[in-house]
Amino acid sequence: MKNTIFSILIGAVALLMLSEAMAQEVNLYSARQPFLMKPLLKAFTGKTGIKVNMVYLKKGMLERLRSEGVNSPADLILTADIGNLHDHVKAGLLQASRSPILVKNIPAQYRHPDGLWYGLTTRARVIYAHKTRVKPGEVTSYEDLTKPHMKGRVCIRSGKHVYNISLLASIIAAHGAAGAEKWAAGLKANLARKPQGNDRAQVKGVYHGECDVALGNTYYMGKMQTNEKNKVQKEWAKSVDVIFPNQGDRGTHVNISGAGVTKNAKNRVNAVKFIEFLSSDAAQKIYAEDNFEYPIKEGVAMHPLVASWGKFKSDDVHLSKVAELRSEASKIMDRVRFNN
């Protein structure tokens, strides 16, 4: 009898120890690269004692979560662009999480109304304009890119890329579907070449005289300006000015990197703690500076290079609305045959 009781006690202690061990970890699926995340993971573990097991997934995160189902080890995801976050919401792969800290740190327009995702950094979709071939005042808005004087002067990546779909969704929010379709058709008519490459390739196109202006995300400018491995990109960056569109009306389209707790999270509490940490002053500084993004929390200093591009007014449309309009934006790109 004593042996039986002793065995039960030993078993209970073992289960308790296992439970405590499990409680001191959190499993992350991240589309953000390891070099960017490593200092954040180290800082979080140092502060909380919670170990972060990160799996880097450049592609296929949604498909992996869906296939793993209830057996998925992931407690939270970290990815870029509102479109990617929204796709996970539509697939039923995220759960709501409430946190006074996140509500305080993250502006309402950059978090899901029901707590399904939270923005952590922002990036603006700006116009890169050649310093001498584009005169001051020629291009001050997204709408200017469709005007006759810009014929054959614009470079852009695929119209179906998530960055451009989100931009077009924001234009639907501003001008309605018909107005946005007119804009997409007008932009296509002014392209200097077929949509191709990534955002950096558009600045390269401006540098080589293939076009005079291009659309791109702000953080790519920081990456080009500091690229010691491929110094020619510094020359590309020197050839252009950063123009924040629509400063006289609705403001520049801004997107996010963000996080959400997975539907089948086993370490839900720790997942929320990690997102809270990423919204803190210390983490925001690391997170934003290393990738030349804007801190989402007010009052956190920007990287000096990012600050040098100047202050700007951002479009205050709620990103959840932009996310809902992405499907229509994609259809518009198909209707105007943007990539053809």
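All figures in this text were calculated on a predicted structure; none of them were measured in a lab. For the numbers below, each heavy atom of this structure counts, side chains included, while hydrogens, waters and symmetry mates do not.
Distance check: D75 CG to N27 CG gives 5.0 Å after rounding to the nearest 0.5 Å. The distance from atom OG of S170 to atom NE2 of H175, rounded to the nearest 0.5 Å, is 9.0 Å. Here E181 contributes atom CD and L168 contributes atom CG; the two are 9.0 Å apart, rounded to the nearest 0.5 Å. Atoms CG and CG, from L57 and L78 in turn, are 11.0 Å apart once rounded to the nearest 0.5 Å. Here the CD-CH2 distance, from Q225 to W309, works out to 6.0 Å after rounding to the nearest 0.5 Å. Taking CG of D144 as the reference point, atom CD of E138 lies at 9.0 Å (rounded to 0.5 Å).
Between S280 and N105, the side chains place no donor N or O within less than 3.5 Å of an acceptor N or O (distance only, hydrogens not considered). At a cut-off of 3.5 Å, with distance as the only test, no side-chain donor of S72 or N264 sits close to an acceptor on the other residue. Side chains of R200 and Q233: a donor on one and an acceptor on the other come within 3.5 Å.
Annotation: side chain of Y128 is not in contact with side chain of L215 (no heavy-atom distance under 4.5 Å). Counting only heavy atoms from C-beta outward, the side chains of L76 and N270 never approach each other to under 4.5 Å. Side chains of M221 and V242 form a contact here, defined as non-hydrogen atoms less than 4.5 Å apart. Contact annotation: the side chain of H253 approaches that of S166 to within less than 4.5 Å [non-hydrogen atoms, C-beta and beyond]. A heavy-atom distance below 4.5 Å is found between the side chains of N84 and V162. Inter-residue side-chain proximity for N291 and T121 is flagged as unmet; no heavy-atom pair is nearer than 4.5 Å. Side chains of P100 and V103 form no contact here, defined as non-hydrogen atoms less than 4.5 Å apart. The closest side-chain heavy-atom distance from I256 to D81 is not below 4.5 Å.
Residue I77 is tested with L93, T262, L28 for a side chain to side chain contact (heavy atoms under 4.5 Å, CB included); the sole match is T262. A side chain to side chain donor-acceptor pair (under 3.5 Å) with R125 is found for exactly one of N255, D199, T218, namely D199. Considering Y118, Y287, F44 as possible partners of F277, the one that fulfils the ring pair (Phe, Tyr, Trp, His ring centres under 6.0 Å) test is F44. In summary, of the residues considered (L191, N190, V213, I156), a side chain to side chain contact (heavy atoms under 4.5 Å, CB included) with L145 occurs for V213 alone. Of the candidates K135, K131, R133, K151, D212 forms a salt bridge (charged side-chain N to carboxylate O under 4.0 Å, His left out) with just one, namely R133.
Residues F274 and V269 fall into different hydrophobic clusters, defined by Ile, Leu, Val, Met, Phe, Trp and Tyr side chains chained together at heavy-atom separations under 4.5 Å. One hydrophobic cluster, built from ILVMFWY side chains closer than 4.5 Å, holds both V232 and V240. Residue L36 is grouped with residue L305 when hydrophobic side chains (ILVMFWY) are merged at heavy-atom distances under 4.5 angstrom, including chains of intermediate members. Placement of F244 and L167 in two distinct hydrophobic clusters is found when ILVMFWY residues are connected by side-chain heavy-atom separations under 4.5 Å, directly or transitively. No continuous path of ILVMFWY side-chain contacts below 4.5 Å connects V300 to V306, so the two sit in separate hydrophobic clusters.
With respect to the salt-bridge test (charged N to carboxylate O, under 4.0 angstrom), the residues D281 and K297 qualify. Under 4.0 Å is where a charged nitrogen must lie from a carboxylate oxygen, and between R153 and E210 no such pair does. Salt bridge present: E293 and R123 bring a charged side-chain N and a carboxylate O closer than 4.0 Å. Between R250 and E143 there is a salt bridge, since at least one side-chain N of the basic residue sits less than 4.0 Å from a carboxylate O of the acidic one. The pair K104-E276 does not meet the salt-bridge criterion, since no charged nitrogen lies less than 4.0 angstrom from a carboxylate oxygen.
Under the 3.5 Å distance criterion, the side-chain polar atoms of N217 are left unmatched by any main-chain donor or acceptor of Y220. Between the side chain of Q202 and the backbone N or O of G216 there is no donor-acceptor pair closer than 3.5 Å. Looking at D114, its side chain never comes within 3.5 Å of a backbone N or O of L116 through a donor-acceptor pair. With hydrogens and angles disregarded, a donor-acceptor distance shorter than 3.5 Å links the side chain of S239 to the backbone of W236. Looking only at distances, a side-chain donor or acceptor of K188 sits under 3.5 Å from a matching main-chain atom of R337. A donor-acceptor contact shorter than 3.5 Å is absent between the side chain of Q196 and the backbone of C155. Here the side chain of T146 pairs no donor or acceptor atom with the backbone of L187 at under 3.5 angstrom.
Pairs passing the ring pair (Phe, Tyr, Trp, His ring centres under 6.0 Å) check and including a residue from residues 46-100, sequence neighbours excluded, do not occur.
The nearest pair of heavy atoms linking K263 to Q95 is O-NE2, 3.4 Å. Nearest heavy atoms, V126 versus I243: CB-O, 3.4 Å. The shortest heavy-atom contact between I101 and S279 is CG2-OG, 4.3 Å. Of all non-hydrogen atoms in P195 and G159, the two that sit nearest each other are CB-N, 4.4 Å. A pairwise comparison of heavy atoms in D290 and P39 identifies OD2-CG, 3.9 Å as the closest pair. The nearest pair of heavy atoms linking V254 to S314 is CG2-CB, 3.5 Å.
Checked against the 6.0 Å centroid threshold, Y294 and F312 count as a close aromatic pair.
With a 6.0 Å cutoff to the six-membered ring centre and a 45° limit on the axis angle, R64 counts as a cation-pi contact of Y29.
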Open item on the list: Using the rule given for side chain to side chain contact (heavy atoms under 4.5 Å, CB included), can you reason through Q109 versus V317, listing the C-alpha separation, both sets of side-chain angles and the distance that settles it, and then say yes or no?
Closed with: CA-CA 7 Å; Q109 73 185 91; V317 63; over 6 Å; no
TODO: Kindly indicate, with the supporting measurements, whether the criterion side chain to side chain donor-acceptor pair (under 3.5 Å) is fulfilled by N246 and D249.
DONE: CA-CA 5 Å; N246 297 84; D249 45 78; 3.0 Å; yes
Task: Full working for side chain to side chain contact (heavy atoms under 4.5 Å, CB included) between I275 and V272 - done: CA-CA 5 Å; I275 301 174; V272 174; 5.7 Å; no
Open item on the list: Show, in sequence, the C-alpha distance, side-chain angles and deciding distance for E25 and N53, and conclude whether the side chain to side chain donor-acceptor pair (under 3.5 Å) test is met.
Closed with: CA-CA 7 Å; E25 68 176 9; N53 305 309; 3.2 Å; yes
Task: R32/S257 under side chain to side chain donor-acceptor pair (under 3.5 Å): CA gap, chis, key distance, verdict - done: CA-CA 9 Å; R32 309 312 301 272; S257 71; 3.1 Å; yes
Donor-acceptor pairs under 3.5 Å, side chain of residues 320-333 to any protein atom, not counting sequence neighbours: which ones?
{"from": "S320", "atom 1": "OG", "to": "H318", "atom 2": "ND1", "distance (Å)": "2.8"}
{"from": "E328", "atom 1": "OE2", "to": "R335", "atom 2": "NH2", "distance (Å)": "3.0"}
{"from": "S330", "atom 1": "OG", "to": "K160", "atom 2": "NZ", "distance (Å)": "3.3"}

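More than 12 non-hydrogen atoms from other residues, nucleotides or ligands lie less than 6.0 angstrom from NZ of K234. Applying the 6.0 Å contact sphere to NZ of K223 captures more than 12 heavy atoms from other residues, nucleotides or ligands.
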